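The structure appears below as structure tokens.
On a predicted model such as this, the values are computed, not experimentally measured, just so you know. As the structure lists them, so they are numbered: ligands from 1, and atoms in each ligand from 1.
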Amino acid sequence: MRKPIMGGNWKMYKTAREAVQTIEDLRERMEGVEEIEVVVFPPFTVLGLAEKILRDSSIGLGAQNMHWEAGGSYTGEISAPMLVDLGCRYVILGHSERRRYFGESDERVNKKIKSALTFELIPVVCVGETLKERKEGSFKRVVETQLNLCLKGIGPEEAERMVIAYEPVWAIGTGVTATPEQAEEMHSFVRELLAKLFGEDLADSMRIQYGGSVKPQNIKELMREPDIDGALVGGASLDASSFARIVKYGE
Ligand code: 13P
């Protein structure tokens, strides 16, 4: 069985003081939650502080991006071993905001995934179509291309540790969530693609998160779908009480 995984992607929000407050609050609210894997992805600047607060808790820590090289002359960048050193176990790669605003290509995401796996980080690999691609009807082809290029050269023993996040760009930060049916259609499609790449058994064991305007009000119906194994939450994860409600399927 796949253990559901809920991630809070804080994007470029929160100063150190704000982050500490939210993480302490979340830690309290998550006490006793073991059946769901919970991960927070704060900005780089507060990863060290977050690690101290989360050290003895079941909440995992992740970063929102990284460079593909282990080290080098790359001003402003951060590498996989640096994230490991800070206590991170996860890293989001290929988020649509990175693709859109920072020119991140599938080829780069592929290099980053390989580096993350080398350093034993769990990559959360994001794919998803734009509104235009959805309207034109090319969305499945788009996601298939992203997935095939991002996962090129990755073997089943490595894929086992990966998480995929299906995040339709038109649903991110817009308040428009994909319907459970729209999301499930894509999640089962992604699982079929994973089966082609890694075999059916492995594809069955891999977790696919949904991302895009997830809220306490819509999580329950999304989680009812057989191929939705969790959520990657932006805006609604900035508040500990709202994120905790999402982890508890809206209760
Ligand atoms: P929102 O939940 O704010 O739509 O953001 C989703 C997202 O981008 C998570 O990575």
Next on the checklist: Considering both backbone and side-chain atoms of Leu232, is one of its nitrogen or oxygen atoms within less than 3.5 Å of a nitrogen or oxygen in ligand 1?
Outcome noted: no

Checklist entry - With a cut-off of 4.0 Å, which atoms of ligand 1 are near a heavy atom of Lys11? => result 5 (O), 6 (C), 7 (C), 8 (O)

Checklist entry - Would you say ligand 1 has an N or O under 3.5 Å from any N or O of Gly212? => result no

Item to check | contact_flag Ala236 ligand 1 heavy-atom lt 4.0 Å | outcome: no

Checklist entry - Taking both backbone and side-chain atoms of Ser213, is any N or O found less than 3.5 Å from an N or O belonging to ligand 1? => result yes

Item to check | For ligand 1, the portion of Ile172 having any non-hydrogen atom under 4.0 Å away | outcome: both

Item to check | Asn9 neighbourhood, listing ligand 1 atoms whose heavy-atom distance to it stays under 4.0 Å | outcome: 9 (C), 10 (O)

Checklist entry - Should we say atom CD of Glu136 is surrounded by more than 12 heavy atoms from elsewhere, each under 6.0 Å from it? => result yes

Next on the checklist: Using a 4.0 Å cutoff against the non-hydrogen atoms of Ala171, which atoms of ligand 1 qualify?
Outcome noted: 4 (O)

Checklist entry - Under 4.0 Å between a Lys/Arg side-chain N and an Asp/Glu carboxylate O for Glu129 and Arg134? => result yes

Item to check | CZ/Arg161: more than 12 non-hydrogen atoms of other groups inside 6.0 Å | outcome: yes

Next on the checklist: Can you confirm if the NZ or CZ of Lys220 lies within 45° of the ring axis of Tyr249 and under 6.0 Å from the centre of its six-membered ring?
Outcome noted: no

Checklist entry - Counting N and O atoms only, with roles assigned by atom type, does the side chain of Ser205 sit under 3.5 Å from a partner on the main chain of Leu202, one being a donor and the other an acceptor? => result yes

Item to check | Glu167-ligand 1 polar pair, N/O distance under 3.5 Å | outcome: yes

Checklist entry - How far apart are the closest heavy atoms of Ser213 and Gly175, and which atoms are they? => result OG-N, 2.8 Å

Checklist entry - Under 4.0 Å from any heavy atom of Gly235, which atoms of ligand 1 are there? => result 1 (P), 2 (O), 3 (O)

Checklist entry - Hey, what's the ring geometry for Tyr90 with Phe41, parallel, tilted or perpendicular (30° and 60° as the breaks)? => result perpendicular

